[in-house]
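One structure is given here, and the rest of the page talks about it.
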Amino acid sequence: MRGEAEQWTGAERLMATLYLTEEQTTVKIEGEALRLQMPRGQERQVVRVPLAKVDQVVVLGNITLTTPALQALLERGIAVHYLSARGRSYGSLVADWGKNSGPRLALYALYTDLPRRFAAARQCVAGKLINMRAVLLRYARNREDNAALLEAVQQIRAALRALARAQPPAQLATDDRMGGLGELFGIEGSASAAYYGVLGLLLKPPWQFVGRVRRPPTDPVNALLSFGYSLLTNQTTALIQAVGLDPGVGLLHQPGFGKPALALDIMEAFRPIIVDSVVITMINTGQLTPGDLEEELGAFRLRDRARRTFLEKFEERLNERIRHPVFGYQISYRRCIELQVRLLAKYAQGEIPRYVPFTVR
């Protein structure tokens with residue numbers, strides 16, 4: 001399938017995800033396939049993608065899917081995610097809710113049970129911190145000037161100890177905008193500051209990174225991280241919907257209008273080992289150069305060719321197989337995300353006593 005992808009202009013079929021990237025492309029249904037018509041004045045290429053080979057569609061930029069095409073996708077339970085060219089999520093079209101409402105009701109009940117919600121939210125933070133620590137330790141082992149990295153590792157370890165001691169408030173104040181989870185956010189924030197404070201040391205010159213900046217990212221590395229996090233959010237949202245949970249009801253992240261709070265919870269542990277890993281590897285191996293990003297009004301975005309390469313490497317990472325630390329068998333990172341969703345559903349329904357985050361060494 002990779003060979004097919006390389007022949008296409010503006011559409012990459014990478015495993016089960018169809019990325020539509022060429023502006024002004026029109027997508028219609030033609031029998032049991034999607035018919036992609038590239039815009040006039042460019043390569044008037046027509047690509048046909050069998051519906052049976054698509055699990056989800058990601059639309060980046062100004063691309064038109066006709067109503068019959070959308071209907072055909074939704075009839076088959078294939079989600080369509082709309083993103084800007086920079087990767088900012090506009091939302092998703094998904095098929096009707098699943099028939100099993102039990103997990104969703106259990107999730108809603110869990111949200112109102114502060115002690116149990118606090119316990120699950122703490123595990124989400126713990127997964128992120130443990131995996132950030134693992135990323136830094138991997139790079140620290142291979143370099144002599146690793147003092148700053150090891151100092152950051154120590155700060156993350158201290159945060160993990162504080163996390164273990166954290167307890168939910170005895171009584172929730174009515175004006176508490178953080179829903180009783182303020183201590184968790186504080187611990188997560190201090191550990192993330194330590195991690196992002198040294199992330200730039202992992203990058204080869206001339207790349208520079210001084211800290212995390214969002215909305216909009218004002219430097220190339222932050223633009224790459226934001227783009228990757230948006231892709232990961234949509235992947236996680238689709239898996240949550242496939243399991244039958246409500247992606248808008250988070251345990252750590254507070255629900256908000258159009259906010260995939262539960263997806264943000266689940267993906268916390270996967271940010272360092274999927275997105276950050278892809279960005280660091282592509283930069284240090286020369287697969288990306290600063291010239292692969294362009295600046296518009298103070299914000300950066302990937303040029304078309306570099307964006308296609310990034311999507312390919314992101315998919316490769318999602319499909320990379322590892323031994324699961326809990327179950328002990330080889331599965332892909334994508335499957336690991338789905339398992340975390342299912343574990344959370346089981347915790348919500350009281351089938352397991354605690355939610356265990358996905359972590360690596």
Side-chain angles (χ1 to χ4, degrees), residues 103-104 106-136 153 155-169 172 178-192 194-195 229 232-233 235-237 239-240 243 245-255 259-276 322 324-328 331 333 335-361:
R104 289 196 296 280
L107 178 64
Y108 301 147
L110 176 58
Y111 179 78
T112 61
D113 185 339
L114 179 57
R116 292 189 70 222
R117 178 161 66 96
F118 188 95
R122 176 165 51 189
Q123 293 292 77
C124 293
V125 176
K128 179 179 183 178
L129 269 55
I130 291 171
N131 289 339
M132 288 195 304
R133 182 186 63 186
V135 168
L136 296 183
V153 168
Q155 293 180 45
I156 294 173
R157 284 175 174 154
L160 281 166
R161 290 193 292 271
L163 193 65
R165 296 191 298 268
Q167 296 294 326
L172 185 60
M178 295 187 177
L181 307 180
E183 185 176 8
L184 299 185
F185 284 112
I187 294 170
E188 187 272 339
S190 64
S192 293
Y195 173 77
Y229 293 154
L232 185 59
T233 301
Q235 294 279 345
T236 307
T237 299
L239 293 169
I240 289 172
V243 171
L245 294 181
D246 184 344
V249 179
L251 304 178
L252 174 64
H253 293 84
Q254 299 299 299
K259 181 180 178 181
L262 187 59
L264 298 175
D265 290 355
I266 295 290
M267 64 182 272
E268 286 289 7
F270 293 93
R271 290 174 185 254
I273 55 179
I274 293 180
V275 177
D276 299 1
I322 62 166
H324 195 281
V326 175
F327 300 107
I331 55 174
Y333 279 111
R335 175 70 170 144
C336 288
I337 297 173
E338 181 190 342
L339 282 180
Q340 291 308 124
V341 179
R342 294 191 181 281
L343 285 173
L344 187 61
K346 288 184 177 297
Y347 174 73
Q349 295 176 96
E351 297 180 18
I352 56 176
R354 61 193 291 259
Y355 172 69
V356 179
F358 178 84
T359 58
V360 297
R361 294 181 178 178

Which residues pass the side-chain contact (heavy atoms from CB on, under 4.5 Å) test with [X], not counting sequence neighbours?
X      : result
Ala119 : Tyr347
Ala348 : Ala106, Leu110
Pro357 : Gln123, Thr359

Where Gly250 and Ala261 come nearest, the two heavy atoms and their spacing: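 Looking at all heavy atoms of both residues, the shortest contact is N-CB, 3.5 Å.
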
Ala191 to Ala159 - nearest heavy-atom pair and separation: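 For Ala191 and Ala159, the tightest heavy-atom pair comes out as CB-CB, 3.8 Å.
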
Interatomic spacing from [atom1] in [X] to [atom2] in [Y] - rounded to 0.5 Å:
X      : Y      : atom1 : atom2 : result
Gln155 : Ser190 : CD    : OG    : 8.0 Å
Ile240 : Asp246 : CD1   : CG    : 9.0 Å
Leu129 : Arg122 : CG    : CZ    : 13.0 Å
Ile274 : Cys336 : CD1   : SG    : 8.0 Å
Ser192 : Ile187 : OG    : CD1   : 11.5 Å
Leu344 : Leu107 : CG    : CG    : 6.5 Å

Looking only at atom types and distance, does a side-chain atom of [X] sit under 3.5 Å from a main-chain N or O of [Y], one as donor and one as acceptor?
X      : Y      : answer
Lys259 : Gln254 : yes
Asn131 : Val360 : yes
Asp265 : Leu252 : yes

Pairs where residues 110-120 contributes a residue and the test salt bridge (charged side-chain N to carboxylate O under 4.0 Å, His left out) is met, not counting sequence neighbours: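 Output for this query is empty, none listed.
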
What pairs with [X] under side chain to side chain donor-acceptor pair (under 3.5 Å), at least two apart in sequence or on another chain?
X      : result
Gln340 : Tyr355
Arg354 : none
Glu183 : none
Glu351 : Lys346

Distance-only criterion, 3.5 Å: show the donor-acceptor pairs between side-chain atoms of residues 160-167 and protein atoms not counting sequence neighbours.
none

Ring centre gap for Phe358 and Phe270 strictly below 6.0 Å: yes

Full working for side chain to side chain contact (heavy atoms under 4.5 Å, CB included) between His253 and Glu268: CA-CA 10 Å; His253 293 84; Glu268 286 289 7; 3.0 Å; yes

Hey, are the side chains of [X] and [Y] touching, using non-hydrogen atoms and a 4.5 Å cut-off?
X      : Y      : value
Ile337 : Met267 : no
Pro169 : Leu114 : yes
Leu136 : Ile156 : yes

Side chain to side chain contact (heavy atoms under 4.5 Å, CB included) assessment of Leu264 paired with Arg271: CA-CA 10 Å; Leu264 298 175; Arg271 290 174 185 254; 4.2 Å; yes

Those residues that, when tested against Arg157, pass salt bridge (Lys or Arg N to Asp or Glu O under 4.0 Å) (two or more places apart):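 If we apply the salt bridge (Lys or Arg N to Asp or Glu O under 4.0 Å) test to Arg157, skipping adjacent residues, there are no hits.
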
Set of ring-ring contact (aromatic ring centres under 6.0 Å, His included) partners for Phe118, sequence neighbours left out: none

Side chain to side chain contact (heavy atoms under 4.5 Å, CB included) between Leu262 and Leu245, worked out: CA-CA 9 Å; Leu262 187 59; Leu245 294 181; 4.0 Å; yes

